[in-house]
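Structure record follows, encoded as structure tokens.
Scope of the values below: all heavy atoms of this structure, side chains included, with no hydrogens, waters or symmetry mates. Here is the naming used below: chain letters follow the sequence lines, and residue numbers restart at 1 for every chain.
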2 protein chains.
Amino acid sequence: MLKKDGVTIYHIAKEAKVSPATVSRVLTGSANVREPAKSRVLALINKYNFKPNVMAQSLYLKQSKMLGIILPDIDHPFYSMIVKQLESQALERGYTCLLCNSMQNFSIEQAYLDNLISRQVDGIVFLGGRINQTHPTEELLTGMNDSLRHVPIVFVNGKMDGVNAHTIRTDEASGVRRLLDMLIHHGHKTIGLIGGVVGVSSTDEKISVFRETLKEKRLMVKEEWIHSSGYSIEGGEQDAMHLLHLDERPTAVMCINDFVAIGAIKMFRKFGLKVPGDVSVTGFDDTYLSEHFPPGITSVNHNYQKLAKKTIETLIGLISHEEQEKETIIPTYVTIRNSCEEWKQP
Amino acid sequence: MLKKDGVTIYHIAKEAKVSPATVSRVLTGSANVREPAKSRVLALINKYNFKPNVMAQSLYLKQSKMLGIILPDIDHPFYSMIVKQLESQALERGYTCLLCNSMQNFSIEQAYLDNLISRQVDGIVFLGGRINQTHPTEELLTGMNDSLRHVPIVFVNGKMDGVNAHTIRTDEASGVRRLLDMLIHHGHKTIGLIGGVVGVSSTDEKISVFRETLKEKRLMVKEEWIHSSGYSIEGGEQDAMHLLHLDERPTAVMCINDFVAIGAIKMFRKFGLKVPGDVSVTGFDDTYLSEHFPPGITSVNHNYQKLAKKTIETLIGLISHEEQEKETIIPTYVTIRNSCEEWKQP
DNA sequence: CTGTTAGCGCCTTCAT
DNA sequence: ATGAAGGCGCTAACAG
């Protein structure tokens with residue numbers, strides 16, 4: 001009852017008075033087919049709007065030409081921007097993408113991993129989630145290792161100790177440094193860092209680079225100016241609120257991403273502070289929002305296209321059993337907008 | 001060389017000293033298997049981390065448990081919000097989604113349609129693109145009809161004359177009316193409508209409802225206050241600019257979506273107009289941005305979850321050859337924020 | 001309850 | 001250049 005219709009190469013073969021093999025040949029172009037027959041077949045393919053069953057093909061050829069993408073939340077512009085690039089890079093190389101939103105849920109994440117493997121994807125791109133946990137559980141670790149035994153997986157901006165996966169990483173550390181250089185160059189001496197989640201590697205790394213760099217520059221690292229309430233706009237509001245309640249506030253605030261920056265700017269302004277007049281703010285990820293959210297947010301760009309290109313190249317290389325760099329670093333760059341300015345001593 | 005590894009039910013069967021059928025039985029639970037054997041099989045499945053090949057299953061069962069989703073641009077929050085809901089509804093029912101970004105390109109759209117059919121998806125959800133063209137080309141029409149002959153397709157907020165597809169539509173017309181009622185209730189007598197693309201049904205419909213409603217209310221419909229430069233933030237800026245250059249400006253402006261509203265607000269403010277003080281603005285789609293973009297944009301919500309639920313239900317119903325409503329209307333509602341206020345005669 | 005067998009739709013040797 | 005045949009991994013009769 002669920003059965004589909006089903007024009008197959010056999011139907012075509014019969015009606016064209018040739019063998020199925022011949023139909024297959026004109027379909028794949030794997031061998032020449034003489035003219036009277038060839039045209040007949042082509043005509044029938046057109047007549048029935050015949051499309052070969054890719055599952056049958058894949059079954060035989062042992063490759064599905066499908067790639068899986070696992071990520072936490074497509075709503076976040078960082079991910080939607082990356083996904084678009086990944087998809088278009090994959091498409092160019094003849095691959096179709098299966099997109100999986102784990103909704104920040106590790107069980108769903110694992111279920112998708114298993115599902116993708118069952119569906120015979122040729123490779124998987126993994127973003128966020130467990131690969132950003134600074135201390136993943138044993139279960140997450142073995143889940144990943146088991147999967148890796150079935151199929152090549154490339155991590156984007158993540159890593160797991162004890163998991164031997166290939167990684168493409170954007171140079172967030174140098175992004176942080178450049179942002180700091182700029183702020184310091186602008187005369188800021190008191191700088192805070194907000195947003196993110198402690199225990200998530202991208203947050204931890206940014207915080208640690210932040211600390212180191214300030215120390216190098218002989219600037220004060222005030223612990224209460226480092227505060228992490230998540231990656232959302234609301235999180236940014238909360239973190240900004242935290243700063244607002246302090247006796248002494250930094251004159252510049254780095255935010256873990258653009259969402260947090262948006263939240264922070266909203267909250268600062270709500271409390272009558274001018275951005276960038278009273279406090280300079282930086283974002284991260286350079287999503288389209290940073291351009292449009294007033295006053296325009298200075299942010300770090302991940303080089304999305306290059307990132308996606310390298311990721312897909314590496315994955316497809318792995319699929320073809322070619323040796324690939326274990327870790328590739330994609331340079332980032334700062335996009336200057338209007339959320340930061342010179343600090344003038346009041 | 002591209003070949004994968006390959007533990008199959010045959011390997012397991014052999015090692016467990018049972019027949020492949022028995023392995024299949026414990027896998028699917030389609031029949032009981034006695035205890036000594038059952039445990040041995042289970043143990044081996046676990047040992048090898050065996051995952052059945054879904055392509056082979058699908059080939060035999062003639063159903064892939066995959067759904068295709070075709071949309072123009074995942075970057076747009078309207079689409080990313082819907083996709084998340086669709087995906088989660090599908091997942092609940094055991095379906096995996098193949099997401100396809102057509103990038104507003106009709107050829108890619110068609111290529112994806114063909115690809116999805118070749119890949120044997122059980123059904124397709126179609127959003128935007130050709131199904132919103134007021135006058136689609138013959139080619140787009142036949143392309144869709146050909147596809148429809150292969151697989152059930154559900155349109156979300158679209159329709160094509162001459163294409164007999166099922167549609168789930170949100171009640172945008174009543175959304176427009178409610179917005180207008182509110183503005184008129186606030187004392188606005190001069191109202192504009194900006195954004196969108198003429199020839200795209202969602203734009204055309206909104207404009208037409210807009211005209212009708214104003215006439216009913218005996219308010220002036222000034223043609224130069226209706227202006228459409230697209231769906232983007234930049235488009236909103238341009239349309240707002242157009243209004244700013246006019247001798248006489250409306251006191252309230254409806255925008256085709258939230259992006260356009262954001263652009264318009266930016267531009268109005270840039271020119272010193274207060275929103276909502278000098279001009280009230282409404283958005284559409286009630287994306288997360290409308291909540292966070294200052295001053296908070298009054299917008300129409302599509303009831304995303306209900307929409308997605310109904311869409312997936314209808315599609316799966318169709319797949320199971322159950323009769324389904326040809327068109328379902330999902331009610332919309334207005335979310336009030338701070339971008340509109342009473343009009344006070346200056 | 002369990003093994004044998006055939007076949008889902010396609011592709012690719014292997015002969016012809 | 002073309003046809004026949006086997007097999008990709010799995011499931012569902014059909015016997016036993």
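Distances shown here put every side-chain N or O of B:Ser58 at or beyond 4.0 Å from the OP1 or OP2 atom of D:dC10. The shortest distance between the side-chain N/O atoms of A:Lys38 and the OP1/OP2 oxygens of D:dA1 is not below 4.0 Å. Remark: A:Lys62 is not in phosphate contact with D:dG7, judged by side-chain N or O atoms under 4.0 Å from OP1 or OP2. At D:dT11, one or more side-chain N or O atoms of B:Ser24 fall inside 4.0 Å of OP1 or OP2 (strictly under the cut-off). The side chain of A:Ser19 contributes an N or O atom lying less than 4.0 Å from OP1 or OP2 of D:dG3.
Contacts of residues 26-37 of chain B with DNA chain C (heavy atom under 4.0 Å): B:Asn32, B:Val33, B:Arg34. For DNA chain C, the neighbouring residues in residues 41-55 of chain A, judged by any heavy atom under 4.0 Å, are A:Phe50, A:Pro52, A:Asn53.
Closest contact between the side chain of A:Ile9 and the listed nucleotides C:dT13, C:dC11, D:dC10 involves C:dC11. Across D:dG3, C:dC11, D:dT11, the shortest atom-to-atom separation from the side chain of A:Leu61 is found for C:dC11.
Protein atom CZ of A:Arg119 is 14 Å distant from nucleotide atom P of D:dC10, rounded to whole Å. Protein atom CD of B:Gln63 is 10 Å distant from nucleotide atom P of D:dA12, rounded to whole Å. Look at CD1 on A:Ile12: it is 16 Å from C1' on C:dC11, rounded to the nearest Å. When the P atom of C:dG3 is taken as reference, atom NZ of B:Lys14 falls 15 Å away, rounded to whole Å. Going from atom CG of A:Leu59 over to atom P of D:dG7 covers 14 Å, rounded to whole Å. B:Gln57 has its CD atom 17 Å from the P atom of D:dC8, to the nearest Å. Residue A:Tyr10 contributes atom OH, which lies 12 Å from atom P of D:dG6 at whole-angstrom precision. For B:Lys65 and D:dC10, the NZ to C1' distance is 17 Å, given to the nearest whole Å.
At a threshold of 4.0 angstrom between heavy atoms, the contacts of A:Val18 are confined to the sugar-phosphate backbone, with no base atom among them.
Inter-axis angle, ends of the helix from C:dC1-D:dG16 to C:dT16-D:dA1, five pairs per end, rounded to 10 degrees: 40°.
Salt bridge present: A:Glu313 and A:Arg93 bring a charged side-chain N and a carboxylate O closer than 4.0 Å.
Taking the centre of each ring, A:His11 and A:Phe50 stay at or above the 6.0 Å mark.
By the neighbour-count criterion of 12 heavy atoms within 6.0 Å, atom CD of A:Gln305 is sparsely surrounded, having that number or fewer from other residues, nucleotides or ligands.
Within the 4.5 Å cutoff, no side-chain heavy atoms of A:Leu127 are placed close to those of A:Phe155.
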